[in-house]
Asks: 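This is the structure, below, for whatever I ask next.
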Amino acid sequence: MLDRLLDWMLVCTLRDWFDRPEANPPGWYGALGDEVAGPALRAMHEDPAHPWTTAELAGRAGVSRTTLAKRFTELVGDGPVAYLTEWRMTLAADLLTHPELTVAAVARRNALGLSPRTRLNAALNPNASA
């Protein structure tokens with residue numbers, strides 16, 4: 001229960017901070033409220049292990065793949081699939097701080113084994129998100 005309370009307090013604090021005129025919030029924060037990028041972003045955050053495709057995410061937003069990719073990239077700074085890969089890696093890095101979880105368990109939980117490109121990207125750029 002204390003964990004949830006702390007999570008809630010962090011969310012409230014970040015929202016307050018991001019809403020300040022001098023703040024420079026990350027692109028995903030503004031994209032959450034966008035009618036095109038928002039539904040795709042929320043879907044990825046709700047189920048990051050799902051094997052999302054641009055077509056499926058575009059369907060969630062009710063737009064074409066091209067429209068989603070363009071708008072998402074404008075707002076977030078990366079395309080939907082690249083953002084999802086980074087999001088999965090961020091979640092995995094957090095989970096790896098739990099000693100009871102193995103690397104294989106974390107990979108399965110975050111669908112990191114689904115994409116050879118993800119494994120290649122992590123192998124070639126081990127410090128890219130550090």
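Only this structure's heavy atoms are used, side chains among them; waters, hydrogens and symmetry mates stay out.
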Asks: Do Phe72 and Leu41 have side chains that approach each other closer than 4.5 Å (heavy atoms only, starting at C-beta)?
Replies: yes
Asks: Please list, chain by chain and in numerical order, all residues satisfying salt bridge (charged side-chain N to carboxylate O under 4.0 Å, His left out) with Glu56, sequence neighbours excluded.
Replies: none
Asks: Taking side chain to side chain contact (heavy atoms under 4.5 Å, CB included) as the test, write out the residues that go with Thr102, two or more places apart.
Replies: Ala104, Ala105
Asks: Would you list the pairs meeting side-chain hydrogen bond (donor to acceptor under 3.5 Å, both in side chains) in which at least one residue belongs to residues 31-42, sequence neighbours left out?
Replies: Asp34-Arg71
Asks: For residues 58-69, run the donor-acceptor check on the side chains, cut-off 3.5 Å, and write out each pair with its distance to 0.1 Å, sequence neighbours left out.
Replies:
unit_1	atom_1	unit_2	atom_2	d
Ser64	OG	Thr67	N	3.0
Ser64	OG	Thr67	OG1	2.9

Asks: List in chain and number order the residues that pass side chain to side chain contact (heavy atoms under 4.5 Å, CB included) with Leu84, two or more places apart in sequence or in another chain; answer none if no residue qualifies.
Replies: Met44, Trp52, Arg88
Asks: Looking only at heavy atoms, which two atoms of Leu57 and Ala40 are closest? And how far apart?
Replies: CD2-O, 3.7 Å
Asks: Check side chain to side chain contact (heavy atoms under 4.5 Å, CB included) between Leu101 and all other residues, then give those that pass, not counting sequence neighbours.
Replies: Leu95, His98, Val106, Arg109
